[in-house]
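Report on one structure; see the data block that follows.
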Amino acid sequence: DGATAEEEGNGEVVIACTPQEEQCQAMAAGFEEATGIKTSYVRMSSGESVARLDAAKSKPEFDVLYGGPSDGHVAAFGSDLIEPYVSPEADAIPDEYKDAEGKWTGTYVGALGFCSNTDVLERLQTEAPTSWEGLLDPAFKQNVAMAHPSTSGTAYTAVWTQMVLNDLDEDATFEYLAKLHQNILQYSKSGSAPGQMAGRGEVAVGIIFSHDCVKYQKEGFDMLELTFPEEGTGYEIGAVSLVKNGPNPVDAKKFIDWTLTPDHQNIGPTVGSYQIPTHPDATITEEMVRLDEITLVEYDSIAAGERKREITARFDAEVAPEPKE
């Protein structure tokens, strides 16, 4: 009887997962343990996930898009790749961390920061940058790394932050990005890679989400120093959304419900992921960045998501082509 199967689901779920590998692994294991639903995932940056969803639009391979900034989910919704789902668990999530129509719901928050290698800074006889303007210092020539905004939600957050700081003037934003380009050693595919590059001493500064810098500090890169731009920094609401026409819609909804609970949101810190949870009852640890202690820009993820395609295409054309590795 089809109705029962529909209510019960297929007993499996496939996730397009964008946070770090350890977090994806722990999340899949946690959900499988909690529900008995077989959970598999593919780890990709958020830009790649949306490209994969787009490529397999007629027969999606994934059920859920998990993690990555909400503006990526807005862009995916605009391309008809995800469908709204308002989880009953979303009631507990503050309004600023979710889309009222259920296009995406936030499971964590992360602020963009500068992750600097103090040994390299000493060699360059300079200090850790504390402003976007400071990143343009010629002392940092070929000593800054950031990901590419076409493949990485982290990097797109950095680009949109410039848009906000320039009153949404795209030309002024691209003037800044062209100057910054002089100091960039390379654009990585994944958003967290610039932190690893800084940790290995390949660059002085990586532009990444601050929780990734904390993770690398904890993993032994104790020469890393985290600073924030005083003009204001962008942030992500790491979101979860339902893939349109995915193979396992019933279990996908159960998975989304679970990600909005403290049980799920408390997993991050156990594997060194210190994003701030969106559920008021989830645990805040001392490693988490206090949002009230840094300057945040007004980040409108809907506007950011709607212009993502146009802005990343311009970045490809005018600043640097998307990395192919």
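Quick caveat: nothing in here was measured; it's all calculated off a predicted structure.
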Q: Provide the full list of ring-ring contact (aromatic ring centres under 6.0 Å, His included) pairs with a residue in residues 77-97, sequence neighbours left out, each pair given once.
A: none

Atom pairs and distances, donor-acceptor, side-chain atoms in residues 86-93, under 3.5 Å, two or more places apart:
unit_1: Ser87; atom_1: OG; unit_2: Glu89; atom_2: N; d: 3.0
unit_1: Ser87; atom_1: OG; unit_2: Asp257; atom_2: OD1; d: 2.7

**Q.** Any donor-acceptor pair under 3.5 Å from Ser79 side chain to Leu81 backbone
**A.** no

Q) Quick one: OG1 on Thr126 to CG on Leu121, what's the gap to the nearest 0.5 Å? A) 6.5 Å

Q) Have Ser273 and Gln23 got a donor and an acceptor in their side chains that come within less than 3.5 Å? A) yes

**Q.** Ring centre gap for Tyr187 and His181 strictly below 6.0 Å
**A.** yes

(Q) Please list all pairs meeting salt bridge (Lys or Arg N to Asp or Glu O under 4.0 Å) that have one or both residues in residues 99-122, counting only residues at least two apart or in different chains. (A) Glu101-Lys103

Q.
Enumerate the salt bridge (Lys or Arg N to Asp or Glu O under 4.0 Å) contacts for residues 161-178, please, sequence neighbours excluded, ordered by first and then second residue.
A. Glu170-Arg307, Glu170-Arg314, Asp171-Arg314

Q. Can you name the residues that form a salt bridge (charged side-chain N to carboxylate O under 4.0 Å, His left out) with Glu127, not counting sequence neighbours?
A. none

Q.
Show me the pairs that pass side-chain hydrogen bond (donor to acceptor under 3.5 Å, both in side chains) and involve residues 224-242, at least two apart or across chains.
A. His73-Ser241

Q: Look up atom CD1 in Ile207 and atom OG in Ser152, then write down how far apart they are to the nearest 0.5 Å.
A: 10.5 Å

Q | Mutual orientation of the aromatic rings belonging to Phe209 and His211 [parallel < 30°, tilted 30-60°, perpendicular > 60°] | A | parallel

Ignoring hydrogens and angles, write down the donor-acceptor pairs under 3.5 Å from the side chains of residues 287-295, residues two or more places apart or on other chains.
unit_1: Glu287; atom_1: OE1; unit_2: Thr285; atom_2: OG1; d: 2.8
unit_1: Glu287; atom_1: OE2; unit_2: Lys218; atom_2: NZ; d: 3.0
unit_1: Arg290; atom_1: NH1; unit_2: Met288; atom_2: O; d: 2.8

Q | Interatomic spacing from NZ in Lys308 to CD in Glu306 - rounded to 0.5 Å | A | 13.0 Å

Q. Can you list every pair that meets ring-ring contact (aromatic ring centres under 6.0 Å, His included) and has a residue in residues 121-146, with sequence neighbours left out?
A. Phe114-Trp132

Q) Glu61: what forms a salt bridge (charged side-chain N to carboxylate O under 4.0 Å, His left out) with it, not counting sequence neighbours? A) Arg52

Q | Residue pairs passing the salt bridge (Lys or Arg N to Asp or Glu O under 4.0 Å) test where at least one lies in residues 11-31, sequence neighbours excluded | A | Glu22-Lys215

Q | Option among Asn183, Val205, Ile184, Thr130 that satisfies the side-chain contact (heavy atoms from CB on, under 4.5 Å) test with Leu135 | A | Val205

Q: May I have all residue pairs that pass salt bridge (Lys or Arg N to Asp or Glu O under 4.0 Å) and include part of residues 150-165, sequence neighbours excluded?
A: none

Q. Hey, which of Thr39, Asp263, Asp251, Ile267 is the one that makes side-chain contact (heavy atoms from CB on, under 4.5 Å) with Phe31?
A. Thr39

Q.
Looking only at side-chain N and O atoms, does Asp222 offer a donor or acceptor that is under 3.5 Å from a partner on Gln217?
A. no

Q | Contacts of type salt bridge (charged side-chain N to carboxylate O under 4.0 Å, His left out), residue Arg200, not counting sequence neighbours | A | Glu202

Q. Are Arg43 and Thr18 linked by a side-chain donor-acceptor pair shorter than 3.5 Å?
A. no

